[in-house]
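Quick caveat: nothing in here was measured; it's all calculated off a predicted structure. Side-chain atoms are counted along with the backbone in the values below, which use heavy atoms only and exclude waters and symmetry mates.
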Amino acid sequence: MAPLPNRLPTMKTLFATISLFIAFCSLHGTECNQSEGKDLLSKRIRSHLVLFDPKSALAEVNQALTCCHNDEALKLELLRFKIRCHARLGDEKAMLQALNEYSILFPAAREDPVLLEEIAWATIKKGALDSSPLIRSEATLAAFYSQAAQGVPILQGMLCDQNIQIRLFALFLASHLRDEVLEQKVLQMLINDTTPYVRSACIETLGKMRSKKAVIHFRKLLADESTTHTDTYAIIQALSQVILHTTRENLTTLVKSPHSSLRALACGLVFHQDMPASDLIVELIKDSSIDVKMLALQTLGAIKQERLLEDEKLKNYVVSLLQETSPYISINAAFLILTSSHHQTSVHALGKATLEKWLSNKNQQYARLAAASVAYSGKAGIVLSEKWIDASSDHYVKLNLALHLIKQRKSTDKAAKILEECLSSVKERIDYRQDGLFTSIAPSQEVHQASHFRYPETKDLACRLDLYGCLATCNFPELQEKIASFLKGKDADKSWGITGMTALLLIQEKDDAAFDVLEKLLDDESLEVRLQAAFILASCRQDEKSLNILQESFLKAKRELKELILVGIGAIGSKTSLPFLTQALDEPSQVLRLRAASSILQCLYH
């Protein structure tokens, strides 16, 4: 049988046919066909982008751009595609060049929300892959402030970063979110990360997230005798945030636990939840652990149960603790007596005398601990505060006692004056200090961290803003001048030396009382004061009055000031700032570009 003839065209014939067809279309095509060709081109480019192939999409765009000189509309569309292609490829420089070319032909491009969103995320994602820890930190912070789902993978990736400081910083940011993916990642870190600082940060983060899943892990850690004191207190604090209500049955189990850290947890829960469970905590003032004993005394004193010491045996035992060699036990026993024995004059006098002994102690640490105890004593400690606010020579003793009097609305004029004098006199950085269950103002123990640029200065500013807020509640005269002087500050660490983006997390929830004064400083003759007042108001109140001051000062500002100005503009979140922020993407500093990108997203999502 003869073979069938080969009817398939050869490859050469096929290419010749296609070439003739293309030539025919070019010679005889109509306007309608040209329009269809544009649509097909756009569809091809979009298809490449959808298939995560920006390189092929860019090749199509570049080829088409060489043939569309007379078609303005097509050129604009192609330039828009070019920006998107470079954004997907992570080529920040080429992306911005294409943006500038596009905005010359189409000025409204700098306000195009879809395009700006893609540009901003491309800038941030490139920063997240940078070799510099500082740049990666900035990118993480920018992703965080977007408050968008796209930022979560970046933050999640930084939780796995090889750099410990980056992991700590990512945990700090994650603590302000309630994201399930991040919560699971932090739980894994708690179990697997052996770095002590990271482990402690995981505990704090899970507490702020109010993670129910973390409770079982926290209890295992408390039952583990190798858990450090620092971690034990951190877990107690975290569980107090997670467990909003504890049953008496569960509390009894904790009090009778063989593990000291679980007994300490019982004290922390009663203290933070203000539970009527003094009969259970009383058992712990005889505990073999000094830490548990101290916490039990603090908890019972804070409850302020006036009839607590009517039991003769209990009263005699607590009085005997006044002579303890440990200042922590003696001071807190005196605190308990001060708050729980108003009707027992002789016993009350003993507690008061013991606290005065410690307030006059040459050891500053013990004197300050005594002042912190008095500050928690409510009305019972007013007389002591009024006396020792004058008698003490220690600024921190005076400062904490002044705060106590202001909160109790007693001798407020005098207390406010002393508080302001202490703020002006103390040049070192200050912060909140935790002694057991008590919090007081003390010298800052924060150290510089690579990922938290000038973090101690930021904490100092946040703490001082709180204290100026207290002064504002007292109608303190010349407060405006005092705050202006503080902002102008001879010490740069207390003014523009702080980092803007981390500062937002620490100062944006401060009391409103001081901000009325800050608004008046927007008209101050000093540019530095105007800028700092504008930054704080923008950060805390999204005050649009500050926007013009920030934008007008940008060009003549130093780089450090520019960083803060961009943060303040982002905090305000006005879409009118988009052209300004898009222009800032041309800055040579990558940090400035990242902050501009972050602020663009905040304005878009506001």
Side-chain angles (χ1 to χ4, degrees), residues 232-233 236-237 239-240 243 245-257 260-324 326-355 358 369-382 384 404 408 434-440:
T232 298
Y233 284 124
I236 291 171
Q237 182 72 22
L239 283 170
S240 300
I243 304 172
H245 177 71
T246 308
T247 64
R248 188 174 177 85
E249 182 182 358
N250 287 338
L251 195 63
T252 303
T253 303
L254 291 173
V255 168
K256 296 185 179 299
S257 171
S260 62
S261 47
L262 291 176
R263 300 194 298 276
L265 173 61
C267 297
L269 291 174
V270 172
F271 179 87
H272 289 290
Q273 297 177 12
D274 198 21
M275 294 176 63
S278 56
D279 57 316
L280 294 176
I281 301 300
V282 160
E283 299 177 26
L284 298 179
I285 63 173
K286 297 181 180 180
D287 200 274
S288 57
S289 165
I290 290 180
D291 289 332
V292 174
K293 185 183 290 189
M294 180 187 77
L295 294 177
L297 291 167
Q298 288 183 340
T299 301
L300 291 170
I303 292 172
K304 301 180 180 66
Q305 188 173 329
E306 294 185 8
R307 301 288 177 182
L308 182 67
L309 297 181
E310 286 186 349
D311 181 285
E312 198 67 25
K313 288 184 179 179
L314 177 61
K315 180 183 72 175
N316 291 336
Y317 178 73
V318 174
V319 169
S320 71
L321 294 179
L322 297 176
Q323 306 305 319
E324 278 275 348
S326 167
Y328 295 95
I329 300 301
S330 175
I331 289 170
N332 285 296
F335 166 70
L336 171 56
I337 290 172
L338 184 70
T339 61
S340 308
S341 61
H342 304 293
H343 58 293
Q344 296 173 301
T345 310
S346 58
V347 178
H348 190 79
L350 281 174
K352 185 178 172 184
T354 302
L355 282 171
W358 289 111
L369 178 61
S373 298
V374 173
Y376 271 83
S377 64
K379 294 180 180 179
I382 289 174
L384 277 175
H404 175 228
Q408 295 298 318
Q434 197 76 25
D435 287 302
L437 300 171
F438 294 163
T439 304
S440 60

### Query
Mind checking whether D287 and L295 have side chains closer than 4.5 Å, heavy atoms only?
no
### Query
If you take all heavy atoms of A370 and W358, which pair is closest and at what distance?
CB-CB, 3.8 Å
### Message
Under a 3.5 Å distance rule, please check whether S340 uses its side chain to pair with a backbone N or O of I337 as donor and acceptor.
### Response
no
### Query
Is there a side-chain contact (heavy atoms from CB on, under 4.5 Å) between S377 and Q408 once you walk through the steps?
CA-CA 10 Å; S377 64; Q408 295 298 318; over 6 Å; no
### Task
Mind checking the CD-CG spacing from E249 to L254? Nearest 0.5 Å is all I need.
11.0 Å
### Nearest-0.5 Å distance, CD1 of residue I236 to CG of residue L262
9.0 Å
### Task
Would you give the length of the straight line joining atom OG of S440 to atom CG of L369, rounded to the nearest 0.5 angstrom?
8.0 Å
### Message
Going by ring pair (Phe, Tyr, Trp, His ring centres under 6.0 Å), name the residues that satisfy it together with F271, two or more places apart in sequence or in a different chain.
### Response
none
### Query
How many angstroms lie between atom CD1 of I243 and atom NE2 of H272, to the nearest 0.5 angstrom?
12.0 Å
### Message
Using 0.5 Å steps for rounding, measure from the CD atom of Q323 to the CG atom of L321.
### Response
10.0 Å
### Message
Restricting to non-hydrogen atoms, name the atom on V292 and the atom on C267 that form the minimum distance, rounded to 0.1 Å.
### Response
O-SG, 4.3 Å
### S320 side-chain N/O to Y317 backbone N/O, donor-acceptor pair under 3.5 Å
yes
### Task
Kindly say whether Q434 contributes a backbone atom to a donor-acceptor pair with the side chain of T439 at under 3.5 angstrom?
no
### Query
So, do N332 and L336 sit near enough that their side-chain heavy atoms are less than 4.5 Å apart?
no
#### Entry: Candidate pair L269 and S240, rule side-chain contact (heavy atoms from CB on, under 4.5 Å), full reasoning
CA-CA 6 Å; L269 291 174; S240 300; 4.1 Å; yes
### Message
So, using ring pair (Phe, Tyr, Trp, His ring centres under 6.0 Å) as the criterion, who are the partners of Y328 when residues are at least two apart?
### Response
none
### Message
Please check: side-chain N/O of T247 versus main-chain N/O of N250, any donor-acceptor pairing under 3.5 Å?
### Response
yes
### Task
Apply side-chain contact (heavy atoms from CB on, under 4.5 Å) to L280 and R248, showing your working.
CA-CA 9 Å; L280 294 176; R248 188 174 177 85; 3.9 Å; yes
### Task
Determine the minimum heavy-atom distance between I329 and M294, stating which atoms define it.
CD1-N, 3.9 Å
### Task
Taking Q298 for its side chain and L437 for its backbone only, find out whether a donor-acceptor pair lies under 3.5 Å.
yes
### Summary
One should read off an interatomic distance between K293 NZ and L297 CG, to the nearest 0.5 angstrom, of 8.0 Å
### Query
Is there a donor-acceptor contact under 3.5 Å from the side chain of S257 to the main chain of T253?
no
### Task
Carefully, step by step, assess L314 and I285 under the rule side-chain contact (heavy atoms from CB on, under 4.5 Å).
CA-CA 10 Å; L314 177 61; I285 63 173; 3.4 Å; yes
## Note on the structure
Taking every heavy atom of L322 against every heavy atom of G351, the minimum-distance pair comes out as CD1-N, 4.5 Å
#### Entry: Residues that D435 engages under salt bridge (charged side-chain N to carboxylate O under 4.0 Å, His left out), provided they are two or more places apart
R433
### Query
At their closest point, which heavy atom of R263 faces which heavy atom of S289, and how far apart are they?
NH2-CB, 4.4 Å
### Task
Mind listing the closest non-hydrogen atom pair of G301 and T339 along with its distance?
O-OG1, 3.0 Å
### Query
Any sub-3.5 Å donor-acceptor pair from S261's side-chain atoms to T232's backbone N or O?
no
